[in-house]
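This is a predicted model, so every value here is computed, not measured. Below, chains carry the letters A, B, ... as their sequence lines are ordered, and counting in each starts from 1.
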Amino acid sequence: QKEVEQNSGPLSVPEGAIASLNCTYSDRGSQSFFWYRQYSGKSPELIMFIYSNGDKEDGRFTAQLNKASQYVSLLIRDSQPSDSATYLCAVNAGNMLTFGGGTRLMVKP
Amino acid sequence: EPEVTQTPSHQVTQMGQEVILRCVPISNHLYFYWYRQILGQKVEFLVSFYNNEISEKSEIFDDQFSVERPDGSNFTLKIRSTKLEDSAMYFCASSEEPGEETQYFGPGTRLLVL
């Protein structure tokens, strides 16, 4: 059974701070890793993907992957109230995505 | 920017009725997927589809479910005899390639079975 685990939160950070979101996965064969943002009642919206160990930066977002520890993280710098949402970690091993339960982020002005 | 579209946005049906959910994937994408999300729960994979065939399906995707690409643009999910527990958001997604390739999600259809 492939599992993806996230802390459900809520994670509360003040505006302008760094938010750190974490995810672990069980399937060592997983090759690609995704972070999606989901606002309440809406569909998942892709933020970033990462395939290789290390860091990948895109604007205010940095994804980090450690395949040996089976760990993926997302850092959001200069957090804004509009970043308040649920962040979904997803892992692809073949023709399907396995999602974590998501971490709810609240950015307070 | 190209996007996945889905219709209807909301559907209310009686238990036992058949429903068809429709999706138009991004035009140059070849791989199509259905996921569902029961309120307050994880997004769950249902089925992937390529070259007019199911590539992979989950345990949720039983004989009550079927998928079809009836023409060059639409991709449909049919639930033959809906149950109360089928109430969920259903998301269609598409990608250019399978495996590592990013999947882009449509806005979803909220299905309510009464």
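- When heavy atoms are compared at a cutoff of 4.5 Å, A:Leu97 approaches chain B by way of both its backbone and its side chain.
- Proximity of B:Val47 to A:Met96: side-chain heavy atoms (C-beta onward) are nowhere separated by under 4.5 Å.
- Put simply, the side chain of A:Ser43 never gets that close to the backbone of B:Gly108: no donor and acceptor are under 3.5 Å apart.
- Open room surrounds CG on B:Leu39; 12 or fewer heavy atoms of other groups in view lie less than 6.0 Å from it.
- By the 6.0 Å contact criterion, CZ on B:Arg69 is enclosed, its count of non-hydrogen atoms from other residues, nucleotides or ligands being greater than 12.
- In this structure, B:Ile38 places its CD1 atom where more than 12 heavy-atom neighbours from other residues, nucleotides or ligands lie under 6.0 Å away.
- B:Tyr35 touches chain A through its side chain: at least one heavy atom from C-beta onward sits under 4.5 Å away, while N, CA, C and O do not.
- Other residues, nucleotides and ligands contribute over 12 non-hydrogen atoms within 6.0 Å of the CD atom of B:Glu85.
- Residue B:Leu46 is grouped with residue B:Ile54 when hydrophobic side chains (ILVMFWY) are merged at heavy-atom distances under 4.5 angstrom, including chains of intermediate members.
- Annotation: B:Asp62, atom CG; neighbour count of heavy atoms from other residues, nucleotides and ligands within 6.0 Å is above 12.
- Linking Ile, Leu, Val, Met, Phe, Trp and Tyr whenever their side-chain heavy atoms come within less than 4.5 Å puts B:Leu30 and B:Phe105 in one cluster.
- Between B:Gln41 and A:Phe99 there is no side-chain heavy-atom pair separated by less than 4.5 Å.
- When heavy atoms are compared at a cutoff of 4.5 Å, A:Tyr36 approaches chain B solely by way of its side chain, counted from C-beta outward.
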The test is side chain to side chain contact (heavy atoms under 4.5 Å, CB included); show your working for A:Val4 and B:Lys42 and say whether it passes. CA-CA 10 Å; A:Val4 178; B:Lys42 293 183 181 185; 5.6 Å; no
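- Using a 4.5 Å heavy-atom cutoff, the side chains of A:Gln38 and B:Gln37 are in contact.
- With contacts defined as side-chain heavy-atom distances shorter than 4.5 Å, the pair B:Phe45/A:Thr98 does not qualify.
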